[in-house]
Structure formats: structure tokens, C-alpha cells
There are 2 protein chains.
Amino acid sequence: MSDSKIIDVAKRAGVSVATVSRVLNQSGLVREKTKKRVQQAIEEMNYTPNAMAKNLRSKRTMKIGVVVADIEVSYYAEIVKGIENMANSLDYNIIICDAQNQKAKELEYVSLLQNRTVDGMIFVTPVMTNKEIIALVEDGYSVAVIGRFIEHEQIPCAFTDNVKIGKDVVSHLIEQGHEKIAFLSGYADATDSYERLEGYMKALRDAGMPFIPELIDNGDFNESGGYRGFLRLHGRNADLTAVFAANDEMALGVYKACKELAIQVPDHIAVVGVDNIRITRFITPSLSTVEQPKYTMGALLTEKLIDQMNNNEFGDKRYFKVESKLLIRESSSHLRERQTQERAEPG
Amino acid sequence: MSDSKIIDVAKRAGVSVATVSRVLNQSGLVREKTKKRVQQAIEEMNYTPNAMAKNLRSKRTMKIGVVVADIEVSYYAEIVKGIENMANSLDYNIIICDAQNQKAKELEYVSLLQNRTVDGMIFVTPVMTNKEIIALVEDGYSVAVIGRFIEHEQIPCAFTDNVKIGKDVVSHLIEQGHEKIAFLSGYADATDSYERLEGYMKALRDAGMPFIPELIDNGDFNESGGYRGFLRLHGRNADLTAVFAANDEMALGVYKACKELAIQVPDHIAVVGVDNIRITRFITPSLSTVEQPKYTMGALLTEKLIDQMNNNEFGDKRYFKVESKLLIRESSSHLRERQTQERAEPG
DNA sequence: TTGGCTATTGAAATCGATTTCAGTTGTTGC
DNA sequence: GCAACAACTGAAATCGATTTCAATAGCCAA
């Protein structure tokens, strides 16, 4: 254990602590000869500067808090990886705050900002509202958001065009011949949810198709919510032929419900999700979904946040609108003829 | 932003900083009336103690470093969740160190221990060797390990009986009538790898079957390694009928290779993995695997490490050997008759 | 009212670094 | 050899809390 302090090094090298500090921080105004002596002492004593003392004095912790709805969900894990890797390459560490999808826990973690455990915080969660996040910034904290757009000049954010996502998916389903397309939303008040719903409606409008409120239901962005939501939807609309789930997790729940109801995907019902989590490629039938550059969003935003914290100025490029891409797979590849849809015999 | 310091609170309440500190830390020797006054001042100023200063003085950071091979792999993510949740409930935070499967990065992160950024560290990675971890403890640091057993009385660890895992899997395959069973190892020097290999051999011995070195190959615990490993195995042993992959990720690689080679699972080849990652239930055919209580391992070990750090004594129960459970699914459910195996027509 | 004891309280040291400011050393030019 | 200036170096303040130790206040009995 490196128990030695800077004063020990100073004594050994026969200089003052100030000089040792200068050598450590390469401020460059130490004579070469002295520097050598100090470095040797550091080496010999295996000295490492105490980060806590350093933090206190410099008022920076070199740590970023990452509040994430559920670290186990691969969509989030991939974003977090992007954050961690970028942070690390910029000499920052990240403190993971798994909110377990609970707002109370998210708010709890805000104390890390307040007590200066972290220099800034990134929110990767649909739970916290924009308003609450803006309040933090107004209080003087550095925060950033992934997955949605926030209209505030001091909040960097990375997100995809959710309206476009909704529109792309539903237009695709319409092209496939579907007329009764359900939308399975996440939390009703999450931007992801209502923006995708907006896209859904826009696609219908463009195609001259009616909006049927019964075809909308909402879940919680989790598999179980998708499962229950589909059961409700199907109960109300026996004739629906396609489901657009606001994310892949819920689409998995739809698969489960379909299996129990002996409904074939995609023969009876087409399913499309969003996020392109890894599992979508492995499941049968493979799930059509929308790719979002998760790792990239995490990395870009982290770079931006750190830059902003260090320079204390809010550059021009405050947000990153990244491109999404519809991936058509088996779950929505069965062309359906209009007006002649019916349940074919299983198989 | 809570910019007020303890001295500001003290002034406002008309007391000394010592008294404020006593109120904050409920040391209980403050007169009720004074306490009320201080609490009101704290309230009014919206004061939060500065964690850095606190840490410096108390020499504890209330943070645990978690070095993980790859946070995006669901096996690790689930363990990390267990760690985070338990740590949080004990008032600790975790610093995630994604090593990207690189030993150099893992060693880099050790500096967090050395510079006192964290109070202790948990290793959730097959990369670091036992020797290196023991060296840290001998240096006086608090560390713990998940996923293997380390023979050192100051290192808490949580793990499953890997020999049993290997034996269970292979015995199962033998029961199914398989005679040419390949073992696809992870990193050759990881305990997970060679202990499972040991179980593999034990099962063969128990069944009176020969050990054939050509049936062993190794990957890297990742999908791509599993893919390449299987191609090599299959190249050498056209007649193999079962593959035991040291983890599920590699089993996914085997699936991929089989698909390309038009080999049917399980009709032509049975596949079994380890870890029971989520994807195994969704893939077709569902993958037989071995469940390890990942979340539980993370949580238990974290509790133990924190307890050890706080009491600075190494209690009786130093390690947690958790139960594993073979889950037989479709990928190994096709009974095979001895001596009459042949490639059936596809389908 | 006062002594003696305990319950509160405050001043100052401390944690381990960084940084300011002043003092010292070394160079250079004449 | 010496003044003038630049280059180094060190003493002490500082970051914002906790904690020790001594001092004060409050209380009760005599």
C-alpha cells in the first residue's frame, strides 16, 4: 500500500512539498536536476498522490455520475459502455447509478451532484422529466441527457428523431399491407413514447388511414409490460394485424403473448420494435427493429459534457441528433393482401 | 447549487463548526435546543456536506471499484446489478471499470485503489490472474473476486463449482447418447476454463469413455471465439455430435457456425453453454445451459467485502459457493442412438 | 449561594494535496 | 566582481469537513 504522502517524498528528496507538487503536475518550473531527484524519491517510495486530497483542493473529482434506468437491459448497457470508454480515455471515471426504474431512486442519486461526489451527471432514463433535469441545471450543476431532446442551452443531449422512427416503422407496416396497426407505448409521459406515437399518427395520416384510439395502449418499456399491453390490445381488437412496440423489450413481451395465444409472427401478426438490442437478431422470427447508435450516443455526449465542464462554456454544437435506421427482419416481412386477411391455419 | 459550507451554517446558527458537525453526524451530544437551531440553518441554506472534504478527513470514500471484463455482456451486467444494488443499500457507490477484455486496462484501473479513489475493488473478470490479485491484498488493499475461488484468507469470493458444472453438462450429453463430445474452452488459463475441462474429463472417466485431445479447443469467452473455435473443432472431427461451450456467448458462436455449415442443432449436433444469459431462452432452438445465480453472487460478495472493510476483520464465511443448475432445453434434447448416428436429411 | 459534577460547546489541529507570494539562487552583461 | 534580472524554491494559506482537548455552562446538593 502506498502509504507515503507528499511530505515524505519531499523529505527524502530534500525539497519542499511545493516542489514535489510541481514535479507531479509538470508545471515545468523545476530545475532538471531537482526534478530527477524528486522523481527518484517518488519511484523509490512508490508514491501515489492521494486523490481525495487532490479533489478537495482542486474542487474537481474527475468522476461522472451515470443514472441509468436498468443496467441489465442491453440497450442501456451499450450506451453505458460508450460513456465509460470515452470518459476513461479523458481520465474520468463513472459512477453507475442503477435506478431500477424507480423515480425515487433517481432523485436519490442527485445527491451525488449536490455533495460534490461527481463533477457532472448523465441521465440515461425515460423516468426523470425534462423539468426536473432543467431544475438541476438552473441550480448550477452540469448534466447531460441521452435519449431525448431537451430545450435548454446548457444541457447537451444525444437522441434520435423519434417521430421519424415512428413514421418509418408504421409506413413500412402500411406498405406491407397492414391496416389495423397497434401502437404499444412505453411510459405514457416519456418523450420516447409520445414522439413515436406522433410518428405513428403522421404515417397514418400520410397514408390516408384513420386513427383508431383503441389501437393504442401503453406498457413500461419492459417485457412484462409489453406482454400485458398486447393482451389488452388483442382483447379489444381481435382483427389487428401488426404491432409497433415502442421498444424491443416490449416487443419480446408481445412475442410471448402471441405464443400463448397461438398467434403466429409474422403470419398472423407483424411485430416491430425499436433499439436493435442484441437479442432481436437471435430470436425466431428475428425481430424487425430500429437501430440507434447507442455506443456512439454515449461516447459523443460524454465528450461534450466533459468539454463543457472543463471550459465552462457552451459551444455551438449542443446536441447530437444521430441517425436511426429501420431494420426489416422476419417479424414484419410477410406481405399481407388488403381486405383478404384472415387467420391462416397455424404453421 | 449548495455553495454554503459548514462555517456558513455555523455562523447562521450562531454556533461553532464543531457543533454543526456534531448535529450532522448525530453524535447525540448536542443540546436539543441548539440542535434545532442548527437544523433550521441547514434547512434554510440548503446545505449539503462536501463529500470530498469528508472523505479526506475520514479516509474513506464509500466507493467500490468494479473491474468487469465487458459491461455489455449480459452475464456481467447481471452481476454488476447485484453489486450496485447491494452497495447502494449500504450507502456505497460503485465505479465501473470496463476493461474491454484487456489486461492492460484492468491493471490501469488498479490505480484507483492506489490513489484512494475507492475503498475496495471487486474483480469480475477472467483475465486477471489469482497471483496478481493476491499481490494487491498483500499490499494492503481490500479486494474481492467473483467467478472463481482464490485461496487466500483475506479475499472474499463468490463462485460456483466449475468442476461440477462441467461434469453435469457432459454427463447429461453422455446420457443423451453422445460419444464424440467437444469442449470449447474460454481463455486457456482462466479458472472457469480449466475447471470445467476437469469436469468434462471426470464425466468421461465415470462413463468409461476415452479422452480425445482433438475434441478440445479454446476460444475467448466471446461469440466470435466460439465461432472460430467450432470451425476448427469441426474441421478436425467431422463426426462430433455434441459441443460443450464454456459459456453461452461462445455457444452463440457455435450456433452461427452450424448455421453456415448447414448443421442442424440439435438434430446433428447438441450444444450446451454455461451462464444462462437471457438470450438463451429466446434463441431457436433454445440453448441448454447452466444457471448461475449471478445477481446473488454480486450482492452477497459486495455485502461481505463491505463488512470486511468496515470491521477490518475476516469473518468465518469468507467465500460463497453458490449452487448451479443444469437447464436442459431444446439444443440438447434430441436423443441419439449409439452407433447409428448419421446426418439425417436437413429439416 | 456555592462547590462539584456533568453536559455542551468552541478553538485549533488535522486529513494530504495545490498554489500564492516572497525569498533565494543562478546567470548574464559590463 | 557586482548589479540586475530571471529562474527556482519554500513557507504558509487553503480546500471543507471531523475530532481532540480544553473551557464553559447548567444543574443539583449542601
Side-chain angles (χ1 to χ4, degrees), chain A residues 1-39 41-42 45-63 91 111-119, chain B residues 1-39 41-42 45-63 91 111-119:
Chain A
M1 177 146 12
S2 72
D3 265 347
S4 49
K5 327 180 212 178
I6 196 171
I7 193 167
D8 301 323
V9 175
K11 278 178 186 153
R12 180 169 196 127
V15 298
S16 74
V17 294
T19 299
V20 177
S21 177
R22 289 194 189 95
V23 171
L24 284 170
N25 300 287
Q26 37 239 337
S27 34
L29 18 69
V30 179
R31 200 188 319 186
E32 196 57 31
K33 205 171 150 194
T34 318
K35 193 169 167 180
K36 279 269 173 358
R37 209 145 33 100
V38 171
Q39 283 172 331
I42 289 176
M45 309 185 75
N46 192 24
Y47 166 78
T48 321
N50 180 306
M52 296 183 279
K54 198 170 189 158
N55 291 343
L56 175 58
R57 181 63 226 228
S58 66
K59 299 195 174 211
R60 304 171 71 211
T61 64
M62 304 304 278
K63 281 182 247 319
D91 288 326
S111 65
L112 294 182
L113 272 174
Q114 291 165 340
N115 71 22
R116 303 285 163 202
T117 290
V118 299
D119 294 339
Chain B
M1 178 146 12
S2 74
D3 264 346
S4 47
K5 328 180 211 177
I6 197 170
I7 193 169
D8 302 321
V9 175
K11 278 179 186 152
R12 180 167 196 130
V15 298
S16 74
V17 294
T19 300
V20 177
S21 177
R22 289 191 189 98
V23 172
L24 284 170
N25 299 287
Q26 37 238 339
S27 34
L29 19 68
V30 179
R31 199 187 319 185
E32 195 57 30
K33 205 171 149 193
T34 317
K35 192 170 169 181
K36 278 270 173 358
R37 210 147 30 103
V38 172
Q39 283 172 331
I42 289 175
M45 309 184 75
N46 193 23
Y47 166 78
T48 322
N50 181 306
M52 296 182 280
K54 200 169 187 156
N55 291 344
L56 175 58
R57 182 61 227 231
S58 67
K59 299 194 174 212
R60 305 171 70 209
T61 64
M62 303 305 279
K63 282 183 248 315
D91 288 326
S111 66
L112 294 183
L113 271 175
Q114 290 165 341
N115 71 21
R116 303 284 164 204
T117 291
V118 298
D119 295 339

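Note on naming: letters A, B, ... go to the chains in the order of the sequence lines (proteins, then strands), and numbering restarts at 1 for each one.
The distance from atom CE of A:Met45 to atom NZ of A:Lys5, rounded to the nearest 0.5 Å, is 11.0 Å. From A:Arg31, atom CZ reaches atom NZ of A:Lys36 across 13.5 Å, with rounding to the nearest 0.5 Å. Interatomic distance, CZ of B:Arg116 versus CG of A:Asp3, reported as 6.0 Å (0.5 Å rounding).
Between A:Arg31 and D:dA7, a side-chain N or O to OP1/OP2 separation shorter than 4.0 Å is absent.
Residue-level contact check: B:Asn55 touches neither bases nor backbone, having no heavy atom under 4.0 Å from any strand.
Mapping B:Ser58 and B:Val15 onto DNA chain C by nearest heavy atom places B:Val15 closer to the 5' end of the strand. Toward the 5′ end of DNA chain C lies the nearest nucleotide of B:Gly14, the other residue of the pair B:Gly14 and A:Lys5 mapping further downstream.
Between A:Thr117 and B:Asn55, the closest side-chain pair of non-hydrogen atoms is not below 4.5 Å. Put simply, the side chain of B:Val38 does not reach to within 4.5 Å of the side chain of B:Lys35, judged on heavy atoms.
A 6.0 Å sphere centred on CD1 of A:Ile7 holds no more than 12 heavy atoms belonging to other residues, nucleotides or ligands.
For the helix from C:dT1-D:dA30 to C:dC30-D:dG1, the axis fitted to the five pairs at one end and the axis fitted to the five pairs at the other end meet at an angle of 40° (nearest 10 degrees).
When rounded to the nearest whole Å, the span between CG of B:Leu29 and P of D:dG26 equals 17 Å. Here D:dT9 presents its P atom at 11 Å from NZ of A:Lys35, a figure rounded to the nearest Å.
With hydrogens and angles disregarded, a donor-acceptor distance shorter than 3.5 Å links the side chain of A:Asp119 to the backbone of A:Met62.
Contact footprint of chain B on DNA chain C: nucleotides with an atom under 4.0 Å from a non-hydrogen protein atom, first to last in 5' to 3' order, C:dT8 to C:dG16.
Checked against side-chain contact (heavy atoms from CB on, under 4.5 Å), B:Ser16 has the following partners two or more places apart in sequence or in another chain: B:Ala18, B:Thr19.
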